[in-house]
A.B. asks: 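Next up is a structure, given as structure tokens.
Protein chains get the first letters and strands the later ones, always in sequence-line order, with residue 1 at the start of each.
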Amino acid sequence: MTFREVPANVDFIAQEYEILRFWKETHAFEAMRELHRGQPTWSFIDGPITANNPMGVHHGWGRTYKDLFNRFWTMRGRELRYQNGFDCQGLWVEVEVEKELGFKSKRDIEAYGLDRFVRKCKERVLRYAAVQTEQSIRLGYWMDWNDPDQLRWLADLIVEDPSRVITVQGPLGPVTDTVEQIVARLGMPELGGSYFTFSDENNHMIWTFLKKCWQKGWLYRGADVMPWCPRCATGISQHEIVTDGYVEMTHPGVTLRFPLRNRPGESLLVWTTTPWTLTSNVAAAVGPALTYVKLRHNGEILYLSKGTLHMLKGPYEILAEMPGSALEGWTYEGPFDELEAARMPGGYPEQEELIRDIKESACDAHRVILWDEVGETEGTGVVHIAPGCGAEDFQLAKQHRLPMIAPLDEEGYFTAHFDWLSGKHVTEVREMIFEHLRHKGILYDVSSYVHRYPVCWRCKTELVFRLVDEWFISMGPVYDKPREALSKEEKERSLRYQIMDIVSQIRWIPEFGYAREMDWLYNMHDWMISKKRYWGLALPFWSCPQCGHYEVIGDEFELEARAAAGWEEFAGHTPHRPYIDAVKIRCPRCQELMSRIPDVGNPWLDAGIVSFSTLRYRSDREYWRKWYPAHWISESFPGQFRNWFYSLLAMATVLENSPPFLQNFGYATLLAEDGRPMHKSWGNAIEFNDAADKMGVDVMRWLYCSQKPDQNLLFGYRRADETRRRFLIPLWNAYNFLVTYARLDQWEPATDGFDPAQPEGALPQTETLLDRWILARINQIVGRCTEALENSDAYTATVLIEEFLDDLTNWYVRRSRRRFWKSEHDADKKDAYATLYYVLVRLVRLLAPFTPFVTEAMYQNLVREVHPQAYNSVHHTSWPLADVAAVDEHLLKRMELARRVASLGLGARGSANIKVRQPLQKALVYLSDASMASMMDDAMRAIIVDELNVKSLEIVSDESTLVRYQVLPDNKLLGPRFGAVFPKVRAALMAANTKEIVQQVRNGFPISLVVDGETVQLSPEEIIVQTQPAAGLSVAAEKGITVAVDTVITAELRAEGLAREIVRRIQTQRKDAGFNIEDRITTYFIADGELAKVVHEWADYIKAETLTVSLIPGQPPHEAFVQQHAIEGMPITLGLHRR
RNA sequence: GGGCCUGUAGCUCAGUCGGUUAGAGCAUCCCUCUGAUAAGGGGAAGGUCACUAGUUCGAGUCUAGUCAGGCCCA
């Protein structure tokens, strides 16, 4: 048995597909799970990926980390759950389904039918879950995946016939149920596979959470002015708006007059960028501390703040100045006082309880109020207040007991009581409003104004602000003192501080993640969890139409027990709209039938509950205890601090007051190679599938892992090519080298004592320094990589491995080539094979979690071909343990020195312009310190001599011919000693006689210098003697090492150089002729003069090097492969013939 | 407006406790090696360490400010 032949030019991508097939056929993933069942756990909870579109390359980054660390801990001997998750519910799915169906508004959805619409949403989720599953498998992400075809089948059925009864195979046996119920049970123990947040279990578990919030008094219904998307017809929460939600926009800034009621001819000057809100004006606010001016301008009297006078067009005359507080209580005529809405007592909000005891109409209420927040950076210092159209306006109205007018309906149309505006859309009224103001004679100016304005994060529609009622989870007060100083009672009252205590128990990588999460918690408002939409968690809140009482239902059992009507209609369906809405319960206060509020839940509830719902919190507490908390979670940090991380933390704090995860590994943002975000329209986007099939996923994965995670990743094909060239190809070449020669030599590894978990076997016992060096290196990096990965540091591991790979290919293999190539089968050759084999197999296992495909290909050949007892897959082997005995630090240092000397020697040759092929007499090496000199033993010298192609190496102790000296003060010692005088000491030292000082220092004597007329003594330790290469020689030097080469080329050396040249030509010609490495040949040559002489004198050498059996002068026969050459202008014809 | 991060070669980035001549990879040019070659090696060129001021014997490194970019929050 020996290795299979390895192609030098392998198609890595085709190979990846072969390996995918191999894994599938051999059930490699399942076999790996079996191997680790019952071992200590390592719990990873995968954050649900939105199953709404194909995966992007940015998902590939995160999923590579997840797979890497899953595989690492698996190989370390841990049991894992391997459950992927799909995020299924929420507006983002609705928006895409609306697009698919060509819908424009909520009315289209209602006309289509809620039941069908919800099923279309489920269908879309199942289809994209199938796509993402396939893509993840392609990436090599080993998880307990569903069969993508089965997901697609369910997608078809959920639309066609959800009530059809089907049977599917689960891990515990067949499961029979309706399509709707099977879909609702995906990810449950009996079905296995990924979890889906639309599952019944997920939804019911959230009910349990909400009920607990309700019981603690943290859940409330509140009216507030919220950002609102008129297209989606729903409120947008703070979570959704902060980052993605703002866009730079140009709006008209309109300046207008509010004529003062008791001051004829006088007006307040007011400015706004949202003209539609003027319809709902109630008051005007001024800053009490700002200075206001009364001025005459174009024949009228205006008031505005002194810092905003630049708003005026044309000359003005200031008549008086006054503080803002002087304006308080002035009354004015509003711009739309003729509207019915402005004349209704209390105003016109939907929520009548807000104005229950307010009798004034907006019209009556128009007055100047004081507000500290009024500024002068924009506007006129007089702020128009419309409590139904702005969050701060609303707060002021509550404070000042002002009426409120809410002009817009859900979709942004003016409601009744707005006369000519009623039924018009907010986006179409701008010009009409200007015309109205102009007609009334109160419009002063309109000019464009650029500012950042919120838009809907999903559909990019400009948001408006609407007075609505929504449901919130209270975050509790923010106290004006540090967290440590809070009393127990204060903390009890404030959920945010309880979450902070949990956050402190978690390790955040990178560390600033901790501060980010804390910052969010300090600043977070109450969490708005309701959305007036269709597809999502049905909020389990029932309200009484009679008495206004609310009830919160904690789970499906409570619902069934309390159902007073509609249960038959609901039974058999998932707890989604519309069927859940049929269920009515009895009001405990007034016995009326209560209905569910129509709102659905915020999708971060769905994602945040998974550390309970997927870990069987309700059904199997022991299982939950086994897997909770997660040891590790990971996501891209932009966004997740306020989303997934936050919701996980909040929900675990409420339910268990404990951390849901122990370590959080965050990574930055993936950008295109041009440093910009990827955008299809910019042409810089790369689709995941394209990337995978053009780069190969091993390359992608290595690229991802070798990125510093806290820095943005610039992803692209150039970077991928570089990665392939720097990492994958050298790795393959080293492997190809071993296999090529092992096949020629029929070499195979020892089989006694074979352990499938550690298939490279025991450390080879070899005397050769080069072998012992590479064995030390591999074991050194095994230890270091283990430590790095234990700390979630993939980057450091990749750096270590790349350095090692360079050592292996560009030093070990290159230096060892002859040992493999030579014809004797001696102990040295055996050592070389044993060493390279051990190193490669060990490296393959080290790399397996990073690049699972190429390592599998190598393992199959290197291990499985020769060991019948081997595990089927490299991913079934264990993580390598560092053999500390092999890590000979001294040897590592010596080899490093030898490599530096060799490198300098090549530099010296280069500067003399002498080819390496030309042998030279000797190299001279000067080492400045004794410890380095002691490292230069015979073995190291032999390596350097060979590498530099010199006959001998001489260590010189009198370096004076090679170098000149420079004397420097040791700043670290002398700086502190002399302080301000130091520059003079330095100058004196530099001015002194260098040669004498070097002499003194070398002999260990102190130096006396005269500084400012005083004599100071410096000890030898305080002086640094540096050497630099003497000018004009073929010398190269770096810190402490100087290397020179003897450039005299004698006749013998020249002949040898020519012989090597001839050998190289024959070798190239062999290759051109297509001969095999091991083929013996006859070589014919035609040459005369010096070349003929060289061929004769060096015949044995030439024959040995080129596997020439006979070397024959004269015309080659026809069948020979013939080429003409010129060496230094001398012609030579060579003919090769395979025997 | 506040907070955090970043600014080093054409590009992507290292740079430890403040210390002696600021490095790597890629790209460019020259040279070279080669039966693992989609490689490899040596060299050249490329720097106002964003700017300004300060602390210090000494600043890429510490401090303050300015400018630019990014992120988070108002």
Side-chain angles (χ1 to χ4, degrees), chain A residues 6 8-10 12 238 242-243 373 375 377 510 512 515-517 519-520 522-525 637-639 641-642 668-669 671 673-675 706-708 710-714 718-719 721-726 728-741 799 802-803 806 808-811 813-814 816-817 820-821 836 902-911 913-918 947 949 966-986 1024 1026 1028 1036 1038-1039 1060 1064 1066-1072 1075-1079 1105-1107:
Chain A
V6 175
N9 294 342
V10 64
F12 287 112
Q238 187 195 5
V242 280
T243 311
E373 299 298 309
T377 50
F512 67 74
R516 275 284 168 84
E517 193 62 53
D519 187 55
W520 171 254
Y522 271 112
N523 290 303
M524 168 138 192
H525 304 172
F637 45 64
F641 290 102
R642 63 174 193 272
T669 305
L671 301 171
E673 225 159 18
D674 57 11
S706 55
Q707 168 74 13
K708 280 197 173 175
D710 56 342
Q711 307 253 342
N712 290 343
L713 167 59
L714 306 190
R718 265 182 40 167
R719 183 98 180 252
D721 288 341
E722 194 186 320
T723 303
R724 187 181 306 106
R725 205 167 59 227
R726 203 182 58 230
L728 196 59
I729 288 171
L731 175 69
W732 191 262
N733 286 341
Y735 160 64
N736 179 45
F737 176 86
L738 172 70
V739 170
T740 301
Y741 285 99
V799 169
E802 285 192 11
E803 282 169 3
D806 185 65
L808 178 67
T809 60
N810 291 328
W811 195 249
V813 171
R814 191 160 63 79
S816 302
R817 263 193 306 236
F820 292 92
W821 190 16
L836 185 55
S903 170
L904 286 169
L906 289 170
R909 290 190 72 116
S911 66
N913 230 340
I914 300 170
K915 294 179 180 186
V916 179
R917 219 177 294 132
Q918 175 60 58
E947 190 67 14
N949 195 18
Q966 194 176 357
V967 174
L968 291 167
D970 190 331
N971 293 338
K972 255 179 181 166
L973 297 175
L974 293 177
R977 183 177 153 197
F978 288 103
V981 189
F982 179 56
K984 289 181 178 169
V985 176
R986 169 193 279 270
I1024 294 168
Q1026 276 193 350
Q1028 292 188 328
E1038 64 176 52
K1039 286 159 192 162
R1060 281 186 66 148
R1064 195 184 74 84
I1066 297 173
Q1067 300 287 35
T1068 309
Q1069 203 171 320
R1070 276 181 65 111
K1071 222 164 150 187
D1072 293 344
F1075 295 168
N1076 292 325
I1077 292 170
E1078 67 276 20
D1079 289 339
E1105 289 292 311
T1106 61
L1107 297 186

A.B. asks: State the pairing partner of B:A59; accept Watson-Crick or G-U wobble contacts with both distances under 3.5 Å, and report none otherwise.
C.D. replies: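 Pairing partner: none.
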A.B. asks: Under 4.0 Å: is that the gap between some side-chain N or O of A:Lys972 and OP1 or OP2 of B:G58?
C.D. replies: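 Checking B:G58 against A:Lys972, no side-chain N or O comes under 4.0 Å of OP1 or OP2.
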A.B. asks: How long is the line joining CZ of A:Phe982 and P of B:U20, in whole Å?
C.D. replies: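 Result: 11 Å.
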A.B. asks: If each of A:Gln707 and A:Arg1060 is mapped to the nucleotide of RNA chain B with the nearest heavy atom, which maps nearer the 5' terminus, i.e. the 5' end?
C.D. replies: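 So the residue in question is A:Gln707.
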A.B. asks: Judged by modelled atom types alone, do A:Arg719 and A:Gln707 share a side-chain donor-acceptor pair under 3.5 Å?
C.D. replies: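 Per modelled atom types, A:Arg719 and A:Gln707 side chains form a pair under 3.5 Å.
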A.B. asks: Any ion pair linking A:Glu947 and A:Arg814 (charged N to carboxylate O, less than 4.0 Å)?
C.D. replies: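 The answer is yes: the pair qualifies as a salt bridge.
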A.B. asks: On a whole-Å scale, what distance lies between the C1' atoms belonging to B:U8 and B:C73?
C.D. replies: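 My reading of the C1' atoms in B:U8 and B:C73 gives 30 Å.
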A.B. asks: Could you tell me how far apart A:Gln918 (CD) and B:C31 (P) are, to the nearest whole angstrom?
C.D. replies: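 Those two atoms, CD and P, are 19 Å apart.
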A.B. asks: What is the pairing partner of B:C49, taking Watson-Crick or G-U wobble pairs with both distances under 3.5 Å in any strand?
C.D. replies: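 Its partner: none found.
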A.B. asks: What is the distance from CD of A:Glu517 to C1' of B:C71, rounded to the nearest Å?
C.D. replies: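 For the pair A:Glu517 CD and B:C71 C1', the rounded distance is 15 Å.
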A.B. asks: For a 4.5 angstrom cut-off between non-hydrogen side-chain atoms, does A:Arg1060 reach A:Asn949?
C.D. replies: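 The answer is yes; the side chains approach within 4.5 Å.
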A.B. asks: Between B:A50 and B:A59, how far is it from one P atom to the other, in whole Å?
C.D. replies: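 Comparing P positions in B:A50 and B:A59 gives a spacing of 15 Å.
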A.B. asks: C1' atom, B:U32 versus B:G7: distance in rounded Å?
C.D. replies: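 Between the two C1' atoms, the distance is 39 Å.
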A.B. asks: Could you tell me how far B:G15 sits from B:G42 if I compare only their C1' atoms? Round to whole Å.
C.D. replies: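 To the nearest whole Å, 25 Å.
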A.B. asks: How many whole angstroms separate atom CG of A:Leu714 from atom C1' of B:G25?
C.D. replies: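 Going from A:Leu714 (CG) to B:G25 (C1'), I get 15 Å.
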A.B. asks: Let me spell it out: for each of A:Arg516 and A:Leu974, pick the nucleotide of RNA chain B with the closest heavy atom. Which residue's pick is nearer the 5' end?
C.D. replies: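 Closer to the 5' end of RNA chain B: A:Leu974.
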A.B. asks: Using whole Å, what does the distance between atom P of nucleotide B:U34 and atom CD of A:Glu947 come to?
C.D. replies: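 Distance, rounded to whole Å: 11 Å.
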A.B. asks: Measure from CD on A:Glu722 to P on B:A24 and round the result to the nearest Å.
C.D. replies: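 After rounding, the gap between these two atoms is 15 Å.
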A.B. asks: With a 4.5 Å heavy-atom cut-off, do A:Arg642 and A:Met524 have their side chains touching?
C.D. replies: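 No, every pair of side-chain atoms sits at 4.5 Å or beyond.
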A.B. asks: Does the side chain of A:Val10 come within less than 4.5 Å of A:Val6's, by heavy atoms?
C.D. replies: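 Counting from C-beta outward, A:Val6 and A:Val10 never come under 4.5 Å.
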A.B. asks: Using a strict cut-off of less than 4.0 Å between a Lys/Arg side-chain nitrogen and an Asp/Glu carboxylate oxygen, indicate whether A:Arg724 and A:Asp721 qualify as a salt bridge.
C.D. replies: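 Salt bridge flag = yes for A:Asp721 with A:Arg724.
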A.B. asks: Strictly below 4.0 Å: does A:His525 bring a side-chain N or O up to OP1 or OP2 of B:C73?
C.D. replies: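 Answer is no, no contact under 4.0 Å.
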A.B. asks: Expressed as a whole number of Å, how far does the P atom of B:G23 sit from that of B:G46?
C.D. replies: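 Rounded to whole Å, the distance is 14 Å.
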A.B. asks: Roughly how many Å is it from CG in A:Leu713 to P in B:U6, rounded to a whole number?
C.D. replies: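 Atom-to-atom, A:Leu713 to B:U6, this comes out as 19 Å.
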A.B. asks: So, taking the atom named CG in A:Asn733 and the one named CG in A:Leu808, what distance separates them when rounded to the nearest 0.5 Å?
C.D. replies: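 Here the interatomic distance stands at 11.0 Å.
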A.B. asks: By the 4.0 Å heavy-atom rule, please label A:Lys984 as base, sugar-phosphate, or nothing.
C.D. replies: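 Nothing, no heavy atom under 4.0 Å.
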A.B. asks: Is there side-chain contact between A:Arg986 and A:Leu974, with at least one heavy-atom pair below 4.5 Å?
C.D. replies: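 No, every pair of side-chain atoms sits at 4.5 Å or beyond.
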A.B. asks: Between A:Arg719 (CZ) and B:U12 (C1'), how many Å, whole number?
C.D. replies: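 From A:Arg719 CZ to B:U12 C1': 7 Å.
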A.B. asks: Taking atom C1' in both B:U37 and B:C71, what distance in whole Å separates the two?
C.D. replies: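 Looking at atom C1' only, B:U37 and B:C71 are 45 Å apart.
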A.B. asks: Both distances under 3.5 Å, Watson-Crick or G-U wobble: report the partner of B:A68, or none.
C.D. replies: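 Result: B:U6.
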A.B. asks: Is there a Watson-Crick or G-U wobble partner for B:U34 with both distances under 3.5 Å, and which nucleotide is it?
C.D. replies: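 Base-paired to nothing in any strand shown.
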A.B. asks: What string of B, S and - do you get for nucleotides 35-40 of chain B, 5' to 3', if B is base contact, S is sugar-phosphate-only contact and - is no contact with any protein heavy atom under 4.0 Å?
C.D. replies: BBBBSS
A.B. asks: Could you work out the separation of B:C31 and B:C67 based on their C1' atoms and round it to a whole Å?
C.D. replies: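 Comparing C1' positions in B:C31 and B:C67 gives a spacing of 44 Å.
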A.B. asks: Taking syn as a glycosidic torsion within 90° of 0 and anything else as anti, which one is B:C29?
C.D. replies: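 This nucleotide is in anti.
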A.B. asks: For B:A44, give its Watson-Crick or G-U wobble partner with both distances under 3.5 Å, or none.
C.D. replies: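 When the pairing criteria are applied, B:U28 turns out to be the nucleotide that pairs with B:A44.
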A.B. asks: How long is the straight-line distance from CG of A:Leu1107 back to CZ of A:Arg1070, given to the nearest 0.5 Å?
C.D. replies: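 The distance works out to 5.0 Å.
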A.B. asks: Take atom C1' in B:U20 and the same atom in B:A64, then report the distance between them in whole Å.
C.D. replies: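 Going atom to atom, C1' in each nucleotide, I get 28 Å.
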